[in-house]
Trainee: 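Structure provided below as C-alpha cells; questions to follow.
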There are 2 protein chains.
Amino acid sequence: MQRPSQINSPGTRKGRPVSRQVLADHVYEELLESLMDGRLEPGATVSIDGTARDLDVSPTPVREALARLEHTGMVRRVALKGYRVAPVFTREDFAELMEARLAIEPVNARLACARLTPERLAQLEQAVTDLKTAPRGPSFAEYRDYLEADERFHRLIAEQTGNQFMVAAYAALGGQVQRFRLFGGVGITDAENAIAEHQAVLDALSTGEPEKAASAMAEHVRKVRGRAIADAPEG
Amino acid sequence: MQRPSQINSPGTRKGRPVSRQVLADHVYEELLESLMDGRLEPGATVSIDGTARDLDVSPTPVREALARLEHTGMVRRVALKGYRVAPVFTREDFAELMEARLAIEPVNARLACARLTPERLAQLEQAVTDLKTAPRGPSFAEYRDYLEADERFHRLIAEQTGNQFMVAAYAALGGQVQRFRLFGGVGITDAENAIAEHQAVLDALSTGEPEKAASAMAEHVRKVRGRAIADAPEG
DNA sequence: CATGTTCAGATCCTATAGGGCTGGCACGAA
DNA sequence: TTCGTGCCAGCCCTATAGGATCTGAACATG
C-alpha cells in the first residue's frame, strides 16, 4: 500500500481519537466541499477513476463516498455510465423547495420552542451573531460564512425539536447544500432583511412562544421566496 | 471472474434492457428485502464479507449497497467495526415518527389534491382496493401485501404533490421501511378502521377538496397513533 | 478471584488487476 | 465532402490480495 497510515500513525496512540476516520469519509467530505464551493458545476461528470487520481486514493473508497452522496441528491448515477453533479436549480425547483420548507420549518420552530435548553439557545444566538458579522463581499468565498451561519441556524432548530424524523426530513431538503447551489441563480441581496427575520424567530423562541416562533419562521420563508423571485435574473 | 455475465449475456443482445442492472443494485434490494422480512433483526451485525459470501459476490458491491442503505437509516456504520441493523423501534421513536408524519402528510394530501390526474387517482384507488383484499393472517408473511399497499397509498400521495422535496421528506421518514419494522412492536389489529380512513382520504381527493383531504389524512395519522399506543404490548 | 496480556481468527479497509462497454478519432470509401 | 468502419483510450464494474484492526478466548499474574 502506498499510503501506510496517515491516519492513526502507530506512534501517536494516546487516548485514540473518538471517531476514527476512514478514507471514504475523507473523500466524501472532499467531494461535498467541492460541490459547495462550486468547483464541481451542475451537470459535470464526476469520474470515479479521475477523482481517485486527484485525491491520490484508489477507486474503492471513491465509489463508497459517491454511493452515499447519491442518496443526498447532490449527484445522480446512471448504471454503467457513472455519476454526474445534479442539474442546475431551476425556478420551479426553488419554488418547490420553498413550498416544502414552508411545510416543515414552522413546525420545527414550534416543536423546538418546547424543548429549548439554555445551551441550545446560546448556539442559536451565536448563529445569528455570526450572520450579522459575516463578511458579505461580492465573491462566492466571501459569502461562504454567511451561508454557513444561515444554514446552521435552521439546522439547529430542526435538531432542537428532539425529533429524529424531523431532522431527517429537514436534511432531505438538502438543507446544507441547496443553499449553496442557489448562489449564482439568485444573489444574496437580502442580508439585512433576513437577519432581522432570523432575529424575530430567535426572540420568539427565547421568550417561549411556540406559535409566534412558527409564524415568524413561516414569514421568513415566505419573504425569502418573495425576494428571491424578485431578484431572479432570468425568468 | 466467477460469474461472467448473468447480466447481459452476449447472446441476448437485442434491444438491450433500458436500464441495465449492476450487482450493487441487486445486493441493495436483497438486503432491503431481508430487512423488511425480518430476517435481519434490529441490532444484528451485517458483515460485509459474510454478506458477500452469502450472495456469492465480492465485497465491493456489498460495500456500495451498504453505503446507500446507511443513508436511509436502516443500518448504521461504525468506522472499522462494520454495519449493524438499526436498533429496535421504541415507543418514543414511534411517537416521533407520528409527530413528523402529522406535519408532513396532511400537507402532501392538500398539495396532491390540486395536481391529481385521472391515472394517478386510479393508482390510489387500486392501492385502497389492495388494502381491502389483502390477506391478514397471523404471520408476518401474510401481512406483507397489506403493509405494502398501505405504504404505496401514502407514497403515491407524496409523489402526486409533484414536489420532489416533499417526496424526499416523506422518504426520509423511512416510509417504506419503518412500517415493516414496527411489526412485532405494535400489531396490526386496526385494519378495518384504517381502511375506512384511507377511503375517506381518497374520497376527498377524488372530489377535489384539498382541506378535507388534509384533515382526513391528519385524522388518519392521529388515529393510527392512538390505536398503536393502545395496542402496544409494553410500555 | 480479578485483572492484564497474548494470540488467532474474523472482519474491515484499500489497492490492484482485468473484463466489458462507450465515445471519439483517424482513415478510407462513396 | 460525407459517411461508415475500425481502433484506442478512458471509464465503469467486479474480483482478488493483503495490510490494519477488532474481538474473544486462553493464559498468566497479582
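Computed from heavy atoms alone, side chains included, the values below leave out hydrogens, waters and symmetry copies. Order of the sequence lines fixes the chain letters, A, B, ..., with proteins taken first and strands second; residue numbering starts at 1 for each chain.
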Trainee: Could you please name the option among dT21(D), dC12(D), dT14(C) that lies closest to any side-chain atom of L80(B)?
Mentor: dT21(D)

Trainee: Which residues pass the side chain to side chain donor-acceptor pair (under 3.5 Å) test with Q126(B), not counting sequence neighbours?
Mentor: D130(B)

Trainee: Whole angstroms only, please: what is the OH-P distance between Y83(B) and dC12(C)?
Mentor: 9 Å

Trainee: Considering only nitrogen or oxygen atoms on both sides, find all protein atoms under 3.5 Å from nucleotides 7-11 of chain D and state each distance.
Mentor:
unit_1: dC11(D); atom_1: OP2; unit_2: R53(A); atom_2: NH2; d: 3.2

Trainee: Under the side chain to side chain donor-acceptor pair (under 3.5 Å) test, which residues partner N108(A), sequence neighbours left out?
Mentor: none

Trainee: Would a distance-only check, ignoring hydrogens and angles, find a side-chain to backbone donor-acceptor pair under 3.5 Å from D150(A) to L147(A)?
Mentor: no

Trainee: Nearest-Å distance, CD (E70(B)) to P (dC12(C))?
Mentor: 14 Å

Trainee: Is the shortest heavy-atom distance from the side chain of Q123(B) to the side chain of E159(B) under 4.5 Å?
Mentor: no

Trainee: Under a 3.5 Å distance rule, please check whether R84(A) uses its side chain to pair with a backbone N or O of G43(A) as donor and acceptor.
Mentor: yes

Trainee: Check the distance between dC12(C)'s C1' and R84(B)'s CZ and give it to me in whole angstrom.
Mentor: 14 Å

Trainee: Using the side-chain heavy atoms of P61(A), tell me which of these nucleotides is nearest: dT14(C), dT16(D), dT16(C).
Mentor: dT14(C)

Trainee: What is the separation between atom CG on D56(A) and atom C1' on dT14(C), rounded to the nearest whole Å?
Mentor: 12 Å

Trainee: Ignoring the backbone of S58(A), work out which of dA15(D), dC13(D), dT14(C) is nearest its side chain.
Mentor: dT14(C)

Trainee: Is the count of non-hydrogen atoms from other residues, nucleotides or ligands lying under 6.0 Å from H26(A) atom NE2 greater than 12?
Mentor: no

Trainee: Output the rounded distance in Å from CZ (R63(B)) to C1' (dC13(D)).
Mentor: 16 Å

Trainee: Is a side-chain donor or acceptor of T161(B) paired with a backbone partner of I157(B) at a separation under 3.5 angstrom?
Mentor: no

Trainee: If you check the L23(A) side chain, which of dT14(C), dC13(D), dT16(D) turns out closest?
Mentor: dT14(C)

Trainee: Could you give the CD-to-C1' distance, from E64(A) to dT14(C), as a whole number of Å?
Mentor: 10 Å

Trainee: What integer distance in Å separates R76(B):CZ from dC12(C):C1'?
Mentor: 20 Å

